[in-house]
Amino acid sequence: MTRFASSLRPRGNKARASFALAAAALLASGCSISPKPLTDDENVSRLREDMSVIMAPQEPIAGPVSMHEAMARAIKYNLDERVKLMEMAVANQQLDLSRFDMLPRLVAGAGYTGRNNESGSESLNLATGRRTGESTTATDRYRRTADLGFTWNILDFGVSYLRARQNSNLVLIADERRRRVVQGILQDVRTSYWRAVAAERLLKRIEPLEKRIEAARKNANALEAQRVQSPLQTLSYQRALVDTLRQLQTLRRELVAAKSQLGALMGLPPGENFTLQMPPDVTGKDVPAITASVESLETYALLNRPELLEESYNARITADETRRALLKLLPGIDLNAGLHYDSNSFLLNQRWADYGARVSWNILSLASAPDTHAFSKAQEELVSFRRQALSVAVLSQVRVAVVQFRELSQEFSLNADQAAIDRRIRQQYVNSSTVGQQGDMSVIQAEVSELVSDLRRDLVYADLQNAYARVMVSAGVDPMPEAVPSQDLATLRQAVSDGLGAWQQKAGGTARLQDLLVPSAATSEKAPADKAPVEKAAEPTTEPKAAPMAARSEEPVDRKAAVPDRVTVAELPQQPAALMTAPMTVSYSPSTRSEPVRIYAVPLGALAPMGRASAR
């Protein structure tokens, strides 16, 4: 027996040495990894792959491109829109995968084991402390095994369920981000289209005028050489010509890239040529009108802005994250069952089934429960305050967008009148038929003035169209219906046309914000005489954080005088988010006992006067 063991020892040493060498080789190969830059072939392959997508064939442009067709092409072919669509697809796939995490584990396994000697053992007599001296075995040298195990952890199921709910909200967030990108793209298309129209109109007029100025410069140089006029007069004339030419080149530089920008928004390959459908010349009467009230636009924005809806979904995700954190503190319950097979001939039953349950609990995790709960609640409050601050910003954006639209409407009317006056002035110079270089210079300057006025009018009109689109975007209105029957350009163009024509009716049909925040007057009249429809702020016993509003002032403040009975968001001064403190609670007492008491929360920072808030 000793001789046999000694004969096996060198082989065992060799096996261990071989294993050690193999492990060292694998470790050395892992440590020898170094940065490897892209090769030229890999760069060329990447370039071909990207260009195959960018230069993918599109529906050909059959004729002049209108604004609605440009918007339809941007929706279908713009790469930013396609990126958001892919993000939605990825979010949906992640949701589908997260559903499988809720399923129990069902693991199947099979194996084969063998050894070069028998698995024997001796026994020890505990009473005498002697070995029995007999070697026995209960395991075959070669065995086959198979298992089918079922395991389900109830705590993991709950955690996976909450994670799946979070992923479902991530799908909705991806959809809201896609909406925001589409709204921004269509706003940019509208602005670029009108700037491109202005460029198409004026670039054709700039080229012949530049040729006339160049000819006038040559004549001026000839006059200077012949000394027909005084040198100062000739040089002043040349300087006026050069200054006029410089103005034209500045206009050209401002307009030359407008069409290329529109083509990029439409998803066209760089350098592809297309023609624009030229609308009639704009006049002071071509001002788009906004018939929806500002209050309705504010309400629609608070209900439909993608950013606010995204924050609402983030609030859901944060609430589920709080539940997940608290759920992990509970004990885990494992349910298991399995079917087994073992070919060991010494076993009495080579096939058997087992089942059981197990409870495990990390008791020390209870020590972190208060901190975990406080951290989760802080996250929820952060999301809530962020949404409230964003709501204030949305209201400001709607107001600012409407004000800018009104200001640009007036500015466009003035520029249109100036362009009409400059056109009549130029006609008077042409009709006068002044002879001589100074006469030519006066005509040229009149034409340049008319051209500049027309350009300024068209650019202001493009800004006006941008402001019109900004009102729509700030209100969160989708320019397309929720469902489009087809994705071909004709259907998309018609959908865009219908959506742009009806967006004000959609937004204007929303109730005013003050009607949503304050109960109706009819309900208030039914209230008992001893109870006012809107009471003062909650007492310090119920809302201890509401009392410091009066305590911060140097003199006592009457709460009923400080808090108006009816407050609309439009009347609230815009305050920075940092000045928002605890919300003031306003209660409305119903007319009957069966109706619940309605509570409305308004940030104190929004109600505080501007001077007092800044003094804090």
Side-chain angles (χ1 to χ4, degrees), residues 191-192 194-261 276 278 280-287 407-466:
T191 305
S192 298
W194 285 106
R195 289 182 66 88
V197 167
E200 286 286 320
R201 285 172 177 166
L202 299 178
L203 288 178
K204 296 178 181 178
R205 297 169 54 184
I206 288 177
E207 185 175 356
L209 192 56
E210 286 179 342
K211 293 181 179 179
R212 289 185 58 189
I213 294 175
E214 289 293 344
R217 289 184 63 190
K218 292 181 180 179
N219 294 334
N221 293 331
L223 291 175
E224 182 182 9
Q226 297 173 4
R227 298 182 182 274
V228 176
Q229 297 176 343
S230 64
L232 182 60
Q233 186 178 6
T234 305
L235 290 175
S236 299
Y237 177 59
Q238 291 180 6
R239 186 181 184 281
L241 290 174
V242 172
D243 186 65
T244 302
L245 187 61
R246 182 182 56 81
Q247 292 182 22
L248 294 179
Q249 291 178 351
T250 303
L251 296 178
R252 179 190 296 276
R253 185 178 68 252
E254 188 174 357
L255 296 174
V256 70
K259 193 173 180 180
S260 299
Q261 293 173 356
L276 291 174
M278 301 299 294
D281 293 340
V282 293
T283 62
K285 300 179 181 180
D286 298 329
V287 178
E407 292 296 325
L408 282 171
S409 299
Q410 298 178 2
E411 183 180 352
F412 170 71
S413 298
L414 292 177
N415 279 276
D417 293 341
Q418 182 180 358
I421 293 173
D422 286 339
R423 183 180 302 109
R424 288 185 290 173
I425 291 175
R426 191 263 308 168
Q427 189 63 37
Q428 290 295 328
Y429 273 108
V430 173
N431 294 337
S432 63
S433 301
T434 305
V435 181
Q437 296 298 327
Q438 293 295 333
D440 292 342
M441 184 60 198
S442 299
V443 174
I444 291 174
Q445 287 180 345
E447 291 180 357
V448 171
S449 298
E450 180 191 6
L451 184 62
V452 172
S453 297
D454 290 343
L455 174 61
R456 188 181 296 112
R457 177 202 61 197
D458 290 347
L459 291 182
V460 171
Y461 188 75
D463 293 337
L464 178 62
Q465 290 287 342
N466 184 30

If every non-hydrogen atom of [X] is compared with every non-hydrogen atom of [Y], which pair is closest and at what distance?
| X | Y | result |
| --- | --- | --- |
| Arg457 | Ala419 | NH1-CB, 4.0 Å |
| Leu408 | Asp463 | CD1-O, 3.5 Å |
| Leu202 | Leu451 | CD2-CD1, 3.6 Å |

Assess whether a salt bridge exists between Asp458 and Arg195, defined as any Lys/Arg side-chain N lying under 4.0 Å from an Asp/Glu carboxylate O.
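Answer for the salt bridge query: no.
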Can Glu447 and Arg426 be counted as an ion pair, charged N to O under 4.0 angstrom?
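Answer for the salt bridge query: no.
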Return the [atom1] to [atom2] distance between [X] and [Y], rounded to the nearest 0.5 Å.
| X | Y | atom1 | atom2 | result |
| --- | --- | --- | --- | --- |
| Ile425 | Ser453 | CD1 | OG | 8.5 Å |
| Leu459 | Asn466 | CG | CG | 12.0 Å |
| Gln261 | Thr191 | CD | OG1 | 10.5 Å |

Heavy-atom distance under 4.5 Å between the side chains of [X] and [Y], does that happen here?
| X | Y | value |
| --- | --- | --- |
| Leu464 | Ser409 | yes |
| Gln418 | Asp422 | yes |
| Val197 | Met278 | yes |
| Arg423 | Asp454 | yes |

Go through Asp243 and Arg246 one step at a time and tell me if the side chain to side chain contact (heavy atoms under 4.5 Å, CB included) criterion holds.
CA-CA 5 Å; Asp243 186 65; Arg246 182 182 56 81; 2.5 Å; yes
Which word best sums up how the rings of Tyr461 and Phe412 line up, parallel for under 30°, tilted for 30 to 60°, or perpendicular for over 60°?
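It falls in the tilted class, 30° to 60°.
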Verify, without hydrogens or angle tests, whether Asn415 (side chain) and Glu411 (backbone) share a donor-acceptor contact under 3.5 angstrom.
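Side chain of Asn415 to backbone of Glu411, a donor-acceptor pair under 3.5 Å: yes, one is there.
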